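Keep in mind that what you see is a predicted model, and the values were worked out from it rather than measured. For the single chain, residues carry numbers from 1 onward in sequence order.
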Amino acid sequence: MPTRLTDAERATLATTLPDWALRDDGLAIHRAFQFKDFSAAWGFMARVALLAEHLGHHPDWSNVWNKVEITLSTHDAGGLTGNDVALAKAIDGLLD
């Protein structure tokens with residue numbers, strides 16, 4: 001089972017993942033994305049789904065027209081783990 005990030009590791013997330021916000025309780029990270037239209041948002045979600053399957057770690061997310069919101073937390077660990085950081089970095093890589 002993955003282990004939760006320490007307070008020190010969570011403190012570095014603002015630098016490591018500057019576009020992601022640490023949830024107030026410190027147990028998840030969140031990011032909102034906006035695209036040109038629904039098709040672009042849906043295409044992004046499809047690419048994220050493939051990453052998530054490859055990494056074996058799946059986001060909590062929502063989509064409304066051209067907006068996608070993603071929250072990452074490792075439910076089995078009860079909070080943030082390295083799996084969440086790895087998936088967030090991979091998601092960010094889709095936008096480069």
Side-chain angles (χ1 to χ4, degrees):
M1 174 192 293
T3 58
R4 286 172 49 173
L5 297 181
T6 64
D7 290 341
E9 290 169 326
R10 281 196 310 276
T12 67
L13 292 176
T15 303
T16 308
L17 298 169
D19 297 316
W20 292 80
L22 184 63
R23 201 167 68 189
D24 288 343
D25 63 9
L27 299 178
I29 52 176
H30 176 82
R31 183 168 178 193
F33 302 86
Q34 187 166 339
F35 299 92
K36 180 181 77 167
D37 55 26
F38 176 76
S39 181
W42 190 264
F44 171 74
M45 290 179 71
R47 291 188 302 277
V48 170
L50 293 172
L51 282 174
E53 278 297 303
H54 176 74
L55 295 174
H57 191 63
H58 304 90
D60 291 332
W61 58 3
S62 65
N63 165 239
V64 177
W65 191 59
N66 68 336
K67 295 179 177 77
V68 175
E69 293 192 19
I70 299 177
T71 300
L72 300 176
S73 183
T74 302
H75 302 289
D76 291 346
L80 282 172
T81 69
N83 293 343
D84 303 301
V85 173
L87 183 54
K89 286 180 179 180
I91 290 168
D92 286 349
L94 293 174
L95 302 172
D96 292 341

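Separating the CG atom in Asp76 from the OG1 atom in Thr3 is a distance of 12.5 Å, to the nearest 0.5 Å. Here Asp7 contributes atom CG and Thr12 contributes atom OG1; the two are 11.5 Å apart, rounded to the nearest 0.5 Å. To the nearest 0.5 Å, atom CZ of residue Arg4 and atom CZ of residue Arg10 are 6.5 Å apart. Taken to the nearest 0.5 Å, the OG1 atom of Thr71 stands 5.0 Å off from the NE2 atom of His30. Taken to the nearest 0.5 Å, the CG atom of Leu55 stands 11.0 Å off from the CG atom of Leu50.
In this structure, Asp37 places its CG atom where more than 12 heavy-atom neighbours from other residues, nucleotides or ligands lie under 6.0 Å away.
Under a hydrophobic-cluster definition in which Ile, Leu, Val, Met, Phe, Trp and Tyr are linked whenever side-chain heavy atoms come within less than 4.5 Å, directly or via other members, Leu22 and Leu17 are assigned to the same cluster. Residues Met45 and Leu51 share a hydrophobic cluster, clusters being chains of Ile/Leu/Val/Met/Phe/Trp/Tyr side chains in contact below 4.5 Å. When the side chains of ILVMFWY residues are joined at heavy-atom separations under 4.5 Å, either directly or via intervening members, Val48 and Phe35 end up in a single hydrophobic cluster. One hydrophobic cluster, built from ILVMFWY side chains closer than 4.5 Å, holds both Ile70 and Leu95.
The closest side-chain heavy-atom distance from Asp60 to His75 is below 4.5 Å.
Within the structure, salt bridge (Lys or Arg N to Asp or Glu O under 4.0 Å) contacts touching residues 84-94 (residues at least two apart or in different chains) are Arg31-Asp92.
In terms of heavy atoms, Ala52 sits closest to Pro59 at CB-CD, 3.9 Å. Among all heavy-atom pairs drawn from Ala41 and Asn63, the shortest one is CB-ND2, 3.8 Å. Heavy-atom minimum distance, Leu5 versus Gly82: CD2-N, 3.8 Å. In terms of heavy atoms, Ala77 sits closest to Pro2 at CB-O, 3.5 Å.
A side chain to side chain contact (heavy atoms under 4.5 Å, CB included) with Ile29 is found for exactly one of Leu72, Val85, Leu87, Asp19, namely Leu72.
The aromatic rings of Phe33 and Trp20 sit perpendicular, their planes meeting at an angle over 60°, well past the 30° parallel limit.
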